[in-house]
2 protein chains.
Amino acid sequence: MGTRERIIDTANRLFYEQGYEQTSFASIAQAVGISRGNFYYHFKTKDEILDAVIEARLSSTREMLTTWSDESPDPLERVRRFVEIVITNQRDIENYGCPVGTLTNELAKLDHPSREHAVGVFDVFRTWLGGQFELLGAPDEADALAMHVLSFSQGVAAVSNAFHDRDFVEREVARMNTWLTEQLRQSSSPTR
Amino acid sequence: MGTRERIIDTANRLFYEQGYEQTSFASIAQAVGISRGNFYYHFKTKDEILDAVIEARLSSTREMLTTWSDESPDPLERVRRFVEIVITNQRDIENYGCPVGTLTNELAKLDHPSREHAVGVFDVFRTWLGGQFELLGAPDEADALAMHVLSFSQGVAAVSNAFHDRDFVEREVARMNTWLTEQLRQSSSPTR
DNA sequence: GACTAGGTAGGACAATCGTCCTAGGGCCGT
DNA sequence: ACGGCCCTAGGACGATTGTCCTACCTAGTC
């Protein structure tokens, strides 16, 4: 793996664990094991690294969702897999929160020009989730359902980060899974 | 209002709008209209201001909830009032997110000793919401319901901050309000 | 063996950070 | 009029920030 990729990879992790503003050039360079001068050869400004990290998150997210689509034939199973992210990544979320939500919010507070770029990761999830709900026979409310699931994951991540309560996370996931079942029962077979 | 109170008030606002780490001594002093030296007379370290701000948030939150309890005789109405915070404070949330959740998460990323202190604000809401659900005849699941409502508000705040979508917020509030109604119908009158 | 180009190292730069110190201003009781 | 005390102003401090510059090293080509 080339130096540039190693920088992006390390910055990605540090931005998540410490926040963007709190992570300095020096700390990234030290973590990668290169000098600050070499660093400057690859990225001129901190914003350049940020955009590269966001781009990396965008493509890795798209790749993950494509894998999910390949592995699970049932759209409902795919959505459940998204819902259960808060369990899969429980340890990281307890320590650092949701990578997407926390970065987006930090950039909003900084009034940073790359905020919308970061929101793009949310958009990838939103579009993908909406696609699943369309496949499940709810074309009219697909986007609204996608937003609701997105909101669920953000809420659970924030509360999990605050309280470190694993029972809470599992309760909420179970609640969301039963909600999904009955929601789609209503949508796909309109009884009225 | 004395200088100390004005400092806390300004720091409270700036911590919310810009984040704790990003807000400097100098910027607070400038916003208050005093010199940095005078600042140091009132607060020795930045952590001292943070703790004072958290303490102010704790007491103002408690005061708000007490007012709600006084104004609304029906516990369900009180909970709805909490749910609708995401509409009441819509503009701020779109720009800066939830004050409680974003500060807690930032302190978590900084591994800051005052993180648990900040979580205390969550605890105030949690306990109050739990109390309302107990009054509504759901003693066993009161805390779980409180956590669920807390999670709702965090999720809506995060997504609202990312997308600035007011229709989404109103949809989610409506959804939560109907959920509250049917949830309590089940709890208070067990049909089985 | 000379030359070029991509990559690396280390330090300089001004600005800003949190922290701390000292001098002075304004009001008090006497 | 005077001494004492709460409050304020302004600057000094070492460290760190993002940014930038220059010298060097190594590999490959003629």
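Within every chain, numbering begins at 1; the chains are lettered A, B, ... in the order of the sequence lines, protein sequences first and strands thereafter.
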Legend entry - Interatomic distance where CD belongs to B:Gln30 and P belongs to D:dA9 [whole Å]: 13 Å

Could you go over nucleotides 23-25 of chain D and give all protein N or O partners under 3.5 Å, atom names and distances?
none

Inset, instruction - Classify the side-chain pair A:His117/A:Glu55 by whether it contains a donor and acceptor separated by less than 3.5 Å. - result: yes

Inset, instruction - Summarise how protein sits on nucleotides 13-19 of chain D as a single string, 5' to 3': B when a protein heavy atom is under 4.0 Å from the base, S for sugar-phosphate-only contact, - for no contact. - result: ----SSB

Legend entry - Nucleotides bounding contact with chain A, strand DNA chain C, heavy-atom threshold 4.0 Å: C:dG6 to C:dA12

Inset, instruction - Please state whether the rings of A:His148 and A:Trp179 are parallel, tilted or perpendicular, taking 30° and 60° as the class boundaries. - result: tilted

Inset, instruction - Look at the aromatic rings of B:Phe125 and B:Phe82 and report parallel, tilted or perpendicular, splitting at 30° and 60°. - result: tilted

Legend entry - Heavy-atom check, side chain of B:Arg171 versus side chain of A:Met147, under 4.5 Å: yes

Legend entry - Salt-bridge present (A:Arg13, A:Glu17; N to O < 4.0 Å): yes

Legend entry - Pair A:Glu94 + A:Arg91, salt bridge at N-O below 4.0 Å: no

Inset, instruction - Calculate the interatomic distance between B:Ile7 atom CD1 and D:dT8 atom P; express it in whole Å. - result: 8 Å

Legend entry - Within the 6.0 Å centroid threshold, strictly below: B:Phe39 and B:Phe25: yes

